[in-house]
J.: 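I have a structure I would like to understand better, so I am pasting it below and will then ask my questions one at a time.
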Amino acid sequence: MEKCADVVVVGSGVIGSAVAYNILKRGASVLMIEAKTIGCGASSACDGFVILQSKSPGPHLTMALASEVLYRTLSEELDYDIGYRHCGGMVVIEREAELEAMRIFMSKQKDLGLDVSLIDGDEARSIEPALAKHIVGATVSSRDAQVNPLHLVNGFITAGKRLGLRIRKQTKATGFLIENGAVKGVRCGDERLYADNVVVCNSIGAPELFSQIGYNLPIKPRRGQLAITEPVNPLIHRVMLCARYIAAKYHPELLEDSSDESVRLGVGMALEQTESGGLLIGATREFVGENRSTTIAGIRAVTQHAARIVPALNEIRIVRTFAGLRPYTPDGRAFMGAVPGYRGLYIAAGHEGDGIAYTPITGKSIAELVVDGKTEADLAPFAIDRKIEKH
């Protein structure tokens with residue numbers, strides 16, 4: 001058998017492209033395979049938030065803090081404009097009842113080293129005048145940022161090609177090649193691609209692959225519907241979430257029985273203004289299988305919720321709507337690391353809303369593990385064989 005590369009990376013989104021680039025940087029050869037086209041999955045249908053305030057205190061925030069440091073010099077390293085802007089972020093609080101919960105959440109984040117503070121509604125409006133008068137407060141952090149997800153993918157791919165990255169599009173991994181407890185490559189229909197190591201980064205497709213080796217990988221697609229507005233003069237100056245976004249992310253079961261349509265759809269505002277002036281408004285969090293279509297109810301709920309918080313949105317036209325599938329896991333943690341029982345097999349999948357923020361640290365950590373056999377970051381909380389408790 002002839003090896004196609006030292007490592008096969010399955011999937012070409014932000015995580016797969018970051019993993020491939022970092023492995024190449026360490027001197028190993030990489031073949032990336034993609035079932036469709038480059039970056040066409042979740043990476044093409046998401047916001048560009050590098051936001052730390054939304055990360056639950058513990059492993060989530062620890063990884064995000066490490067990743068944010070890497071982002072600061074990433075454009076220079078890749079020699080590619082990834083659209084990174086160190087703009088700061090805000091989590092908007094609409095109700096007095098949410099203040100105490102956010103105060104506790106924030107206090108735990110500060111204990112882990114995040115620069116974040118709680119301000120009242122008047123101060124929030126003084127730094128973001130577009131906010132509605134009913135806003136009672138907000139948390140703010142100077143470490144939050146934004147990036148262009150597709151530019152991020154292209155940056156890693158372009159830098160990877162300079163190091164010898166090879167890519168096979170329209171090539172779907174359908175199984176693993178296994179010999180004596182070691183993975184020796186992947187099957188792609190009737191074709192066999194041999195390699196010493198395989199890294200699975202195609203989150204939505206990962207459960208089907210892993211079911212063939214006895215792993216019941218609990219990754220489910222969760223649809224996010226978003227809208228893009230026409231370009232306008234600067235309306236907001238940082239990336240924005242609302243406190244309900246955090247509830248929708250970490251406690252979706254609390255939203256299921258609500259009579260409020262936007263609550264039942266898991267709507268929590270994510271709002272950013274892009275370099276071109278358009279505003280990205282998101283997003284729903286819906287379990288609808290692999291349905292990527294938008295709905296009138298979903299887009300209405302997303303835009304009305306955002307316009308309640310930033311009323312000027314009522315006067316701005318929507319020019320595009322789209323939806324993507326985010327890989328949800330029951331405990332909110334991605335799967336990252338080596339796969340027990342199968343030498344040479346690794347996974348980096350299931351990041352859902354953490355994918356953009358985690359991209360640099362995930363790529364670095366998985367590459368260290370594959371090439372060096374150890375990694376600086378603690379990936380134990382993200383192990384594929386961990387005990388999973390629904391959060």
Side-chain angles (χ1 to χ4, degrees), residues 44-51 53-54 83 85 87-96 98 119-140 144-150 223-248 258-286 293-324 353:
S44 67
C46 63
D47 59 60
F49 286 20
V50 183
I51 190 163
Q53 289 188 76
S54 68
R85 188 168 73 93
C87 57
M90 173 181 283
V91 177
V92 178
I93 304 169
E94 290 191 85
R95 301 169 184 82
E96 294 284 348
E98 295 171 340
I119 60 177
D120 64 25
D122 289 337
E123 190 173 356
R125 280 181 289 275
S126 74
I127 59 178
E128 289 289 356
L131 288 175
K133 293 180 179 179
H134 75 275
I135 299 302
V136 298
T139 59
V140 291
D144 295 331
Q146 68 182 149
V147 70
N148 183 310
L150 290 180
R223 183 173 67 186
Q225 298 188 52
L226 305 99
I228 301 288
T229 75
E230 62 183 330
V232 296
N233 291 329
L235 178 66
I236 61 171
H237 309 287
R238 65 206 71 220
V239 292
M240 281 189 190
L241 300 176
C242 68
R244 198 170 79 183
Y245 173 98
I246 295 172
S258 174
S259 59
D260 184 329
E261 182 177 56
S262 69
V263 173
R264 286 187 287 104
L265 288 168
V267 173
M269 186 193 74
L271 182 66
E272 65 174 329
Q273 190 157 16
T274 65
E275 191 175 22
S276 65
L279 290 129
L280 181 147
I281 308 170
T284 61
R285 290 178 180 270
E286 310 164 78
S293 62
T294 58
T295 66
I296 293 174
I299 296 300
R300 179 179 60 221
V302 164
T303 54
Q304 288 182 350
H305 178 57
R308 187 175 71 243
I309 295 171
V310 180
L313 291 171
N314 285 310
E315 308 302 321
I316 301 172
R317 290 177 297 181
I318 301 297
V319 296
R320 184 164 71 93
T321 63
F322 60 101

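Quick note: residue numbers are just sequence positions, from 1.
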J.: According to side-chain hydrogen bond (donor to acceptor under 3.5 Å, both in side chains), who are the partners of Thr295, at least two apart in sequence or on a separate chain?
T.: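 For Thr295, the residues satisfying side-chain hydrogen bond (donor to acceptor under 3.5 Å, both in side chains) (neighbours in sequence not counted) are Gln225.
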J.: Can you name the residues that form a side-chain hydrogen bond (donor to acceptor under 3.5 Å, both in side chains) with Thr303, not counting sequence neighbours?
T.: none
J.: For Ala132, what residues pass the side-chain contact (heavy atoms from CB on, under 4.5 Å) criterion, not counting sequence neighbours?
T.: His134, Ile135, Pro311
J.: Using side-chain contact (heavy atoms from CB on, under 4.5 Å) as the criterion, list what pairs up with Ser44, not counting sequence neighbours.
T.: Leu150
J.: List in chain and number order the residues that pass salt bridge (charged side-chain N to carboxylate O under 4.0 Å, His left out) with Asp120, two or more places apart in sequence or in another chain; answer none if no residue qualifies.
T.: none
J.: For Arg320, which residues count as a salt bridge (charged side-chain N to carboxylate O under 4.0 Å, His left out) partner, sequence neighbours excluded?
T.: none
J.: Quick one: which residue pairs count as a salt bridge (Lys or Arg N to Asp or Glu O under 4.0 Å) with a foot in residues 272-284, not counting sequence neighbours?
T.: none
J.: Kindly say whether Cys242 contributes a backbone atom to a donor-acceptor pair with the side chain of Glu98 at under 3.5 angstrom?
T.: no
J.: Apply salt bridge (charged side-chain N to carboxylate O under 4.0 Å, His left out) to Arg238 and list each qualifying residue two or more places apart in sequence or on a separate chain.
T.: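 With neighbours one apart ignored, the set is Glu128.
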J.: Can you list everything that forms a side-chain hydrogen bond (donor to acceptor under 3.5 Å, both in side chains) with Thr229? Sequence neighbours excluded, please.
T.: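 For Thr229 there are no side-chain hydrogen bond (donor to acceptor under 3.5 Å, both in side chains) partners, ignoring immediate neighbours.
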J.: Give a yes or no answer on whether the side chain of Gln273 reaches the backbone of Leu235 with a donor-acceptor pair at less than 3.5 Å.
T.: yes
J.: side-chain hydrogen bond (donor to acceptor under 3.5 Å, both in side chains) with Asp122: which residues, sequence neighbours excluded?
T.: Arg125
J.: Judged by atom type as modelled, is there a donor-acceptor pair below 3.5 Å linking the side chain of Arg85 to the main-chain atoms of Thr274?
T.: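 No.
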J.: Rounded at 0.5 Å granularity, tell me how far CG in Leu226 sits from OG1 in Thr284.
T.: 7.0 Å
J.: Excluding sequence neighbours, so at least two apart, what forms side-chain contact (heavy atoms from CB on, under 4.5 Å) with Glu315?
T.: none
J.: Suppose we screen for side-chain contact (heavy atoms from CB on, under 4.5 Å). Which residues come up paired with Val319, at least two apart in sequence or across chains?
T.: Ile228, Glu230
